[in-house]
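Computed over heavy atoms, backbone and side chain alike; hydrogens, waters and symmetry mates excluded.
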Amino acid sequence: MSPLAQPPAQALAESVVQSVDWLAIAPPTIAAVVGLAVLVADLFVGDAKKALLGWASVAGLAISLLAVLPLLDGDRATFCLTGDPDVCSYTADRFTLVVQFLVLGGALLAALLSMTALKDSKKELPEGEFWFLLLSSAAGAALLPASRDLATLIVALEVASLPAFALVGIRHGDKRSSEAALKFFLSSVTATAVSLLGISFIYATTGTLYLTEIADRIQNVDGQLHTLTQAGVVLTLIGFAFKTAAVPFHFWVPDTYVGAPLPVAAYLSVVGKAVGFSGLILITVVALPSYADVWGPALAALAALTMTVGNLGALKQRSTRAYSAVRLLAWSSVGQAGYLLVPIAAAAYAENTDDAEKAIGSTVAYALMYAAVNLGAFAVAALVGRTKTLNRVSDYRGLYASSPLSALLLAFFLLCLAGLPPGIIGLFAKVTVFSAAVDAGLGWLAVVMAVNVVIALFYYLQWTALLFRAPEGEPEPHRVPAPLTAAIALTGIVGIALSGAPQLVLRFADIGLF
């Protein structure tokens, strides 16, 4: 190389060197590093001390969660373009931090549930691999809401999803678990392929992967490429509809939840859903606001269809069917996904960014409520499942006689999901979502939601009433291990605290996305 060529090459090298804000990326990084450490430590820890891996994983997730707190004082960004510091791949803004708090908190509670499940599994679940997969998925889930370019978004989505496939099918010698993992894998891979095809079309027409730049350039696409752009928008939406378990892309949910270990089902119901919805919000509201006339009506229709099919599916569950409690929670989660879609659809009809931000804040607020109470319901289901392995709804009859506090908390969680007092936070969140639809002029969607809330009341109240009926035979006491006690107690405390001060959720969901 000639001496004259050296300075330009050196200047080019310097232009692509970026400083890293380690504090901004701390939450997902800590989870990933602890996951690798646990995987390596598993090689050297004897069977008698495998529980230490679980406590290390819980500690790692707790530290990741605490790492969110120093970021609350202001927006931070890293991995930015050297020529344009406002265009970045990673942004730790209010939206990012709220969703990271949700997914890392959900992963922490799932980890507490997992410690009891692993202890009871009699070596059917390999502990080192389990904790590595859970922490890896949590790291991807924490990275996704911070992603501000399509490449980072897809990588984060797959880092969150791929370990989840293995977690679903990790139970040795269980055909049901293997079948559930296969269904989950095939549906998710299909979703990813469709999303990537749509994203490739969007990239081809805009020439950029950064969400904010896409929002600017997609408005000025050449007329000959307009059809290709529309196809890209539709395909991307379809791909993320799979991830959110929206109907008709929900078919994997019931069998996957039943076949997976119960803590993994709890993790998917909350963290997996948060991943899909945060990605959908970033794609629609941040990258494609000019195509609101395409994705707004589509999401409104998906919301109506999803909540209706989910609630009807839960309604027809027979209480004596094996695993009917988990199936009911699975169908309920599909119905709840429909409610979560409503404010995102409403954002398409917002007249300005403040109204759109308020609508998205309603989705985040509802997701926070749903995460706390749904994880609580799964925690009590894990408790009952320790003695009633088929985990039928009928197995919960007379739970109050054998475990009064667990029965009261499960009743509270179910009433929150139904939106009835004393579950004030559930009622508050539903009213917030309902008002988002009304404010956007989607009166028909608000009516559909009201009808579905009434449908859901039947199966939630039916299950709640069963808890306090006279038990058949002698009440069977439930011994609660410490990690399971902690999970039930934490979800109960959060649910009760938010019901006492529901305004905290909306204040916490002041997302500052724009």
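Between Met369 atom CE and Ile425 atom CD1 the span is 7.0 Å, to the nearest 0.5 Å. The line from CG of Leu299 to CG of Leu237 is 6.0 Å long, rounded to the nearest 0.5 Å. Remark: Ile344 CD1 to Thr363 OG1 distance equals 4.5 Å, nearest 0.5 Å. Note that CG of Leu167 is 11.0 Å distant from CD of Glu129, once rounded to the nearest 0.5 Å. Residue Thr190 holds its OG1 atom at 11.0 Å from CZ of Phe249, rounded to the nearest 0.5 Å. To the nearest 0.5 Å, atom CG of residue Leu268 and atom CH2 of residue Trp252 are 6.0 Å apart.
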- [ ] Start with the C-alpha gap between Arg327 and Asp255, add the side-chain angles, then the distance that decides, and say whether salt bridge (charged side-chain N to carboxylate O under 4.0 Å, His left out) holds.
- [x] CA-CA 8 Å; Arg327 284 188 178 276; Asp255 289 340; 3.2 Å; yes

Task: Derivation and outcome, side-chain contact (heavy atoms from CB on, under 4.5 Å), residues Leu262 and Val326 - done: CA-CA 8 Å; Leu262 198 60; Val326 180; 3.7 Å; yes

Open item on the list: Would Leu288 and Thr284 count as a side-chain contact (heavy atoms from CB on, under 4.5 Å) here? Give the steps.
Closed with: CA-CA 5 Å; Leu288 303 171; Thr284 54; 5.5 Å; no

- [ ] Apply side-chain contact (heavy atoms from CB on, under 4.5 Å) to Ile214 and Ile202, showing your working.
- [x] CA-CA 8 Å; Ile214 289 173; Ile202 292 173; 4.0 Å; yes

Open item on the list: What verdict does the side-chain contact (heavy atoms from CB on, under 4.5 Å) test give for Tyr210 and Cys88, after you've listed the backbone C-alpha separation in whole Å, the side-chain angles of each residue and the deciding distance to 0.1 Å?
Closed with: CA-CA 7 Å; Tyr210 291 94; Cys88 305; 5.9 Å; no

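Judged by distance alone, with hydrogens and angles left aside, the side-chain atoms of Ser362 form no donor-acceptor pair with the main-chain N or O of Val433 at under 3.5 Å. The closest donor-acceptor contact from the side chain of Glu213 to the backbone of Leu209 lies at 3.5 Å or more, if one exists at all. Using modelled atom types, no side-chain atom of Tyr203 and backbone atom of Leu150 make a donor-acceptor pair closer than 3.5 Å. Side-chain atoms of Thr306 come within 3.5 Å of backbone atoms of Val247 as a donor-acceptor pair (strictly under, hydrogens ignored). A donor-acceptor pair is defined here as one N or O able to donate and one able to accept, closer than 3.5 Å; such a pair exists between the side chain of Asn452 and the backbone of Thr308. With Thr244 contributing its side chain and Gly276 its backbone, the two residues share no donor-acceptor pair below 3.5 Å. Judged by distance alone, the side chain of Thr96 and the main-chain N or O of Pro145 form a donor-acceptor pair under 3.5 Å. Under a 3.5 Å cut-off, the side chain of Thr78 and the backbone N or O of Thr91 do not form any donor-acceptor pair.
Across Val373 and Cys416, no two heavy atoms sit closer than the pair CG1-CB, 3.6 Å. When all heavy atoms of Ala300 and Ala345 are compared, the closest pair comes out as N-CB, 3.5 Å. Annotation for Leu108 and Ala62: closest pair CD1-N, 4.2 Å, computed over non-hydrogen atoms. In plain terms, the two heavy atoms of Phe434 and Ala446 that are nearest each other are CE1-O, 3.1 Å. Lys273 and Ala337 make their closest contact through CE-CB, 3.8 Å (heavy atoms, listed as atom of the first residue, atom of the second, distance). Contact between Leu113 and Ala487 at its shortest, heavy atoms only, is CD2-CB, 3.7 Å.
In terms of the ring pair (Phe, Tyr, Trp, His ring centres under 6.0 Å) criterion, Phe201 has no residue partners (sequence neighbours excluded). Contacts of Tyr349 classified as side chain to side chain contact (heavy atoms under 4.5 Å, CB included), with partners at least two apart in sequence or in another chain: Pro297, Ala440, Leu442.
Side-chain contact check for Met307 versus Val342: some heavy-atom pair is nearer than 4.5 Å. Contact annotation: the side chain of Lys430 approaches that of Val453 to within less than 4.5 Å [non-hydrogen atoms, C-beta and beyond]. Proximity of Thr208 to Asp216: side-chain heavy atoms (C-beta onward) are nowhere separated by under 4.5 Å. Counting heavy atoms from C-beta on, the side chains of Ile283 and Leu153 come closer than 4.5 Å. With a 4.5 Å cut-off on side-chain heavy atoms, Phe130 and Ser57 do not count as touching. Leu329 has its side chain out of reach of Ser269: every pair of non-hydrogen atoms, C-beta onward, lies at least 4.5 Å apart. Contact check for Leu341 versus Phe277: side-chain heavy atoms found under the 4.5 Å cut-off. Looking at heavy atoms from C-beta onward, Leu65 lies out of side-chain contact with Pro27 at the 4.5 angstrom threshold.
The closest side-chain donor-acceptor pair between Ser188 and Lys243 falls under 3.5 angstrom. Using a 3.5 Å distance cut-off with no hydrogens or angles, the side chains of Gln336 and Tyr366 do pair a donor with an acceptor. Side-chain contact of Tyr267 with Ser137: a donor-acceptor pair under 3.5 Å is present, judged by distance alone. Between the side chains of Thr192 and Glu158, a donor-acceptor pair is found at a separation under 3.5 Å.
Contact check on Asp93 versus Arg76 returns no salt bridge, with no Lys/Arg side-chain nitrogen under 4.0 Å from an Asp/Glu carboxylate oxygen.
The number of heavy-atom neighbours closer than 6.0 Å to OH of Tyr291, taken from other residues, nucleotides and ligands shown, is above 12.
Using a 30° and 60° split on the angle between ring planes, Phe378 and Tyr257 fall in the perpendicular class, above 60°.
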